[in-house]
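Owing to the predicted nature of the structure, the values given are computational and were not obtained by experimental measurement.
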Amino acid sequence: VVAHHALLDGRAVQTLAERWAAQVRGEHREPAPMGPSEAELAAAAGVAPTREPEADRPSPVPVHGRNGRVRWARRRGPVPKHPLAEIARRLVDHAGQTLRVSVPVDLRPPGPVALRNLTGIMKLELVAGESTTAIRNRLRKRVQAQEALGYALAAEAVAGVPLWLMSLVGGSGARRNLRRQRWAASAVISNLGRVGPQQFTGAGFVARRAFMVPPGHPGVPVFITLAGGPDGLEVAAAGPRAVTDGGRLERLLDVLAAP
C-alpha cells in the first residue's frame with residue numbers, strides 16, 4: 001500500500017490496508033471518520049503554534065557528496081523493552097555527537113482511526129551516553145506538554161499550498177541542507193507499535209510480515225520506522241544517497257537492530 005504522506009500518515013495507511021483486507025474477506029466496516037483538524041485540537045487544548053528550529057544539526061551518518069536520491073533498507077531484530085527510546089539511544093551513541101531527533105506523535109483522540117494525516121512532531125535533543133530510561137522519561141514529558149500539537153498547528157498553515165509548490169520549495173531547502181550538511185532534525189524515528197500481519201490477510205493472500213517503508217526525503221538525513229511483529233522488531237530506514245550509500249545505511253541498521 002502506497003500513499004502520499006501529505007494525505008495519510010503511518011497509522012492511516014495501516015488502517016487503510018486493514019480495511020482492504022476486511023473488505024475482501026467480506027467483513028463489514030463502518031465508514032472511517034475524518035476526525036478533528038489540528039486547529040480544532042489545538043484550540044481545545046489551548047496550544048499555540050511551535051516554530052520550526054534552525055537547520056543546525058548534523059547527520060547521524062557521515063555525508064559524502066550531494067546525491068539527494070533516496071534509498072531504503074530494512075533489518076529485523078529483537079523487540080527492546082522500550083523500542084523508541086532504545087533505538088534513539090543507539091542512534092545517538094552510533095553518531096557520537098549531539099543530535100536533534102523528530103518523533104511523530106499520533107494526535108487522534110480515542111475511537112475509530114481517521115483516514116488522514118493527523119500526526120504531530122516532537123523535537124528531542126539527544127546526547128551520546130544518555131540512558132534509555134532517561135530518553136524515555138523525556139519523551140513522556142514532551143507528550144504530556146503537547147509539543148507535537150504545536151508543530152502540527154504550525155504545519156497546517158501551509159495545508160492549502162499545492163503539492164507541486166510544496167515540493168518545489170521543499171526540494172530547494174533540502175538541497176541547501178545537503179550542501180551545508182546541516183538539518184533541522186538529524187533523523188526521524190517513527191514507532192508504529194505492533195503490526196500483526198494477520199490483519200492484512202484475505203482473498204487468498206497470506207501476509208507473513210508487515211513493515212513500513214519510510215517516506216524518505218532529502219530534507220532529513222535518516223527516516224526510521226519501527227514495527228513490532230511475530231518475528232521481532234522490523235526496523236526500516238531511508239535517506240538520501242549522499243548519506244546512505246557505501247554501506248553506511250546498512251551499518252547503521254545493523255547497530256539499531258542488534259540483539
Problem - Check: Arg248 side chain, Pro62 main-chain N or O, donor-acceptor pair, under 3.5 Å - result: yes

Practice task
Could you please spell out the steps behind the side chain to side chain contact (heavy atoms under 4.5 Å, CB included) verdict for Arg74 and Val235?
Solution key: CA-CA 6 Å; Arg74 175 174 63 100; Val235 184; over 6 Å; no

Handout entry: Main-chain N/O of Leu118 paired to Asp9 side chain as donor or acceptor, under 3.5 Å
Key = yes

Practice task
Treating Ile, Leu, Val, Met, Phe, Trp and Tyr as nodes and any side-chain heavy-atom pair under 4.5 angstrom as an edge, say whether Val61 and Leu99 lie in one connected cluster.
Solution key: yes

Practice task
Using modelled atom types only, decide if a donor and an acceptor are shared between the side chain of Gln199 and the backbone of Gly196 within a distance under 3.5 Å.
Solution key: yes

Problem - More than 12 heavy atoms from other groups under 6.0 Å of CD on Glu27 - result: yes

Practice task
Work out which heavy atom in Pro221 is nearest to a heavy atom in Ser59; give both atom names and the distance.
Solution key: CB-OG, 3.6 Å

Exercise for the section: Please tell me if the side chains of Glu234 and Arg75 come closer than 4.5 Å, counting only heavy atoms from C-beta onward. Expected result: no

Practice task
Find out whether Arg140 and Arg136 are in side-chain contact, i.e. whether some heavy atom of one side chain is under 4.5 Å from a heavy atom of the other.
Solution key: yes

Exercise for the section: Answer with yes or no whether the hydrophobic clustering places Leu107 together with Leu115; edges join I, L, V, M, F, W, Y residues whose side-chain heavy atoms lie under 4.5 Å apart. Expected result: no

Problem - Validation row: Leu124, Glu147 side chains within 4.5 angstrom (heavy atoms) - result: no

Problem - Enclosure of Arg25 CZ (heavy-atom neighbours >12, cutoff 6.0 Å) - result: yes

Problem - Student check: side-chain heavy atoms of Pro58 and Gln181 closer than 4.5 Å - result: no

Problem - Main-chain N/O of Ala258 paired to Arg90 side chain as donor or acceptor, under 3.5 Å - result: yes

Exercise for the section: Could you tell me whether the side chain of Leu192 reaches within less than 4.5 Å of the side chain of Leu226, counting heavy atoms only? Expected result: no

Handout entry: Test salt bridge (Lys or Arg N to Asp or Glu O under 4.0 Å) applied to Glu250 and Arg71, step by step
Key = CA-CA 11 Å; Glu250 286 74 15; Arg71 60 181 289 263; 2.5 Å; yes

Practice task
Of all the heavy-atom pairs spanning Ala238 and Val70, show the shortest one and how long it is.
Solution key: CB-CG1, 4.0 Å

Handout entry: Nearest non-hydrogen partners of Ile121 and Pro104, listed with the distance
Key = CD1-CA, 3.8 Å

Practice task
Spell out, yes or no, whether Val13 and Val105 are grouped together once hydrophobic residues are joined by side-chain heavy atoms under 4.5 Å, including indirect joins.
Solution key: no

Practice task
Inspect the surroundings of CD in Gln97 and state if more than 12 heavy atoms from other residues, nucleotides or ligands are less than 6.0 Å away.
Solution key: yes

Handout entry: Asp56 CG to Arg182 CZ distance, which is reported to the nearest 0.5 Å
Key = 8.0 Å

Problem - Shared hydrophobic cluster for Val103 and Val143 (ILVMFWY, side-chain gaps under 4.5 Å) - result: yes

Handout entry: Nearest-0.5 Å distance that lies between atom OG in Ser102 and atom CD in Glu52
Key = 6.5 Å

Exercise for the section: Look at the side-chain heavy atoms of Ile, Leu, Val, Met, Phe, Trp and Tyr, link any pair under 4.5 Å apart, and say whether Val63 and Val92 land in one connected group. Expected result: yes

Problem - Polar side-chain atom of Thr201 near backbone of Ala207 as donor-acceptor pair, under 3.5 Å - result: yes

Practice task
Quick one: pull up CZ in Arg138 and CD1 in Ile135 and give me the separation to the nearest 0.5 Å.
Solution key: 6.5 Å

Problem - side chain to side chain contact (heavy atoms under 4.5 Å, CB included) between Phe205 and Val24, intermediate numbers included - result: CA-CA 10 Å; Phe205 173 75; Val24 299; over 6 Å; no

Fill in the blank from the handout: Nearest heavy-atom contact between Asp93 and Gly129 is OD1-N, 2.9 Å

Completion exercise
Heavy-atom nearest pair, Pro36 first then Leu41, reads CG-CD2, 3.8 Å

Exercise for the section: Describe, in one word, how the ring planes of Trp72 and Phe211 are oriented to each other, choosing from parallel (under 30°), tilted (30 to 60°) and perpendicular (over 60°). Expected result: tilted

Practice task
For residues Val101 and Lys123, determine if any side-chain heavy atom of one lies less than 4.5 Å from a side-chain heavy atom of the other.
Solution key: no

Exercise for the section: Grab the two heavy atoms, one from Val222 and one from Pro60, that are nearest each other, plus how far apart they are. Expected result: CG2-CG, 3.9 Å

Handout entry: Ser186 and Arg57 side chains, donor-acceptor separation under 3.5 Å
Key = no

Handout entry: Separation between CD of Glu130 and OG1 of Thr98, rounded to the nearest 0.5 Å
Key = 10.0 Å

Exercise for the section: With the side chain counted from C-beta on, respond yes when Leu256 and Ile224 share a heavy-atom pair under 4.5 Å apart, and no when they do not. Expected result: yes

Exercise for the section: State, with a plain yes or no, whether a side-chain heavy atom of Arg209 is found less than 4.5 Å away from one of Pro197. Expected result: no

Practice task
Could you give me the CA-CA distance, side-chain angles and deciding distance for Arg11 and Arg108, then say whether side chain to side chain contact (heavy atoms under 4.5 Å, CB included) is met?
Solution key: CA-CA 10 Å; Arg11 183 91 183 276; Arg108 295 172 177 81; 3.7 Å; yes

Problem - Evaluation steps, side chain to side chain contact (heavy atoms under 4.5 Å, CB included), between Leu16 and Leu8 - result: CA-CA 9 Å; Leu16 184 65; Leu8 301 178; 4.0 Å; yes

Completion exercise
OG1 of Thr133 to CD of Glu86, rounded to nearest 0.5 Å, is 9.5 Å

Handout entry: Distance, nearest 0.5 Å, that separates CG of Asn191 from NE2 of His82
Key = 12.0 Å

